Amino acid sequence: MNLKEINALWQEYKTKYEIDNDVMIEDVKYDAEEYVEGCFNLLELMDGRYILHLNSKVHLYTDSYVKFILFHEFTHFYDFFKCPYTEKSDKLFFMNAYSEYHACRVTLARVINQYQIKLTDVNKIQVPGPYKEVSIRNLLDECLYRLRYYMEIYYLTYQIHDFINAFRQMMYLFGYLSLFKEDMKLVEYTLKVIGLKDERVPELYLHMKEEELDKVVPIYRSIADDVILTYIRVSFRRYYDKEILPDDELEKINNDNYQEYIKILNERLRQRSALKGIIEKEEAEAEKEMEEAALLAYFMEQLRYLKP
């Protein structure tokens, strides 16, 4: 599908959802990452560059699945223009939370022409797949599998980018689950499966579902702050042993003071290294003196036998 065809579909989307602007997608690049079907680069959008990035395999997909992808990405485009925040960091939090949820919710609802799904329908209702239709169960299973995968990696490394990947998958899944009558049970089940015990997450879900958008960013920001703090403390413990950084002092490190602690702890390392050098030097000198004394004693003993 070329840029002209994509923009024609975008024009239909704008008309359907009454988007009042003249912005069109300026370019399409087939350079998305391996497991990403399509995306807009948010930093490019904020710079006024409206470039759609698609997976290179998109040319092999069914037309219905390509439209499924495009509708999802058009919703991100829509959310970007409708975003209630102006600050760059707030936009990032909003798009990475609500827009991922929203894009999955409305895209699935459009495909199945309904906003209410029963659990008994998960095998019956078919949706577009890359090469053939798949059941909603298959769609949910794949999403949950990727969420578990990224969370397991995060629990091993506590790297921030691993949590971001997991969080994005969770927003995808929440968008789909929001169409079920038993959605809260499914959300609770999801959190149990991935071992995430955080009351803010179901609260975030409810605010997104109720479109209480002013509450989305503060909650996600607080979650992100904790993820950053965990990363900082894990990193400190990996680098500084308990002699340099006791456990009780580690608990005092936070997102605001960690840079000052780096200076303090590095000074402790230097002092220990210097002290170790002094001790090693004294030990070496003492060992040398002992060797010289032993050698002197040996020669004195030999001289005794040389006396006439």
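Computed from a prediction, not measured in an experiment: that's the story for all the values here.
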Review point. How far does CD1 of I219 sit from NZ of K215, to the nearest 0.5 angstrom?
Key: 8.0 Å

Review point. Under 3.5 Å, side chain of D225 to main-chain N/O of N255, donor-acceptor pair present?
Key: no

Point to revise | Other residues, nucleotides, ligands: >12 heavy atoms within 6.0 Å of E87 CD | key: no

Review point. Does D27 use its side chain to pair, donor to acceptor, with the backbone of I51 at less than 3.5 Å?
Key: no

Point to revise | Distance-only donor-acceptor check, side chains Y78 and S99, under 3.5 Å | key: no

Check your understanding: Judged by atom type as modelled, is there a donor-acceptor pair below 3.5 Å linking the side chain of N257 to the main-chain atoms of I253?
Key -> no

Exercise for review: Identify the two heavy atoms, one from I232 and one from Y258, that lie closest to each other, and give their separation to 0.1 Å.
Suggested key: CD1-CD2, 3.6 Å

Review point. Is N165 reaching over with its side chain to a backbone N or O of D162, donor-acceptor style, under 3.5 angstrom?
Key: no

Check your understanding: How long is the span from the CD atom in E188 to the CG atom in L191, to the nearest 0.5 Å?
Key -> 8.0 Å

**Study point:** Nearest-0.5 Å distance that lies between atom CG in L173 and atom OG in S178
**Key:** 10.0 Å

Practice item. Kindly say whether K4 contributes a backbone atom to a donor-acceptor pair with the side chain of N2 at under 3.5 angstrom? Key: yes

Review point. Quick one: CD1 on I244 to CZ on R272, what's the gap to the nearest 0.5 Å?
Key: 4.0 Å

Exercise for review: Without swapping roles, check the side chain of E26 against the backbone of Y50 for a donor-acceptor pair under 3.5 Å.
Suggested key: yes

Review point. Okay, side chain of R237, backbone of L245: is any donor-acceptor separation there less than 3.5 Å?
Key: yes

Review point. At what distance, to the nearest 0.5 angstrom, does CZ of R137 lie from CD1 of I125?
Key: 12.0 Å

Review point. Could R268 and E249 be called an ion pair, given the rule that one side-chain N must be under 4.0 Å from one carboxylate O?
Key: yes

Review point. What orientation do Y154 and Y158 show, parallel under 30°, tilted 30 to 60°, or perpendicular over 60°?
Key: perpendicular

Review point. How long is the span from the CD atom in E37 to the OH atom in Y61, to the nearest 0.5 Å?
Key: 3.5 Å

Review point. Between R200 (side chain) and S222 (backbone), is there a donor-acceptor pair under 3.5 Å?
Key: yes

Point to revise | R233/E251 salt bridge by N-O under 4.0 Å criterion | key: yes

Check your understanding: Taking the side chain from K118 and the backbone from K181, do they hold a donor-acceptor pair closer than 3.5 Å?
Key -> no

Check your understanding: So among F68, F80, Y13, Y17, which one has a ring pair (Phe, Tyr, Trp, His ring centres under 6.0 Å) with F74?
Key -> Y13

Exercise for review: Spell out, as yes or no, whether a donor-acceptor pair under 3.5 Å connects the side chain of S273 to the backbone of L269.
Suggested key: no

Check your understanding: Would you call the rings of Y30 and H59 parallel, tilted or perpendicular if under 30° counts as parallel and over 60° as perpendicular?
Key -> tilted

Point to revise | same_hphob_cluster(V36, L92) at 4.5 Å side-chain heavy-atom cutoff | key: no

Study note, to complete from the structure: Exactly one of M95, R105, M170, H72 clears side-chain contact (heavy atoms from CB on, under 4.5 Å) with E100, and that residue is H72

Check your understanding: Which heavy atom of M208 sits nearest a heavy atom of V216, and at what distance?
Key -> CG-CG2, 3.8 Å

**Study point:** Shortest non-hydrogen contact from E73 toward G38
**Key:** OE2-O, 2.8 Å

Practice item. Using a cut-off of 6.0 Å, state whether more than 12 heavy atoms not belonging to Y145 lie near its atom OH. Key: no

Review point. So W10 and F77, would you call those rings parallel, tilted or perpendicular, with 30° and 60° as cut-offs?
Key: tilted

Check your understanding: Under a 4.0 Å N-O cut-off, is there an ion pair linking E260 with K263?
Key -> yes

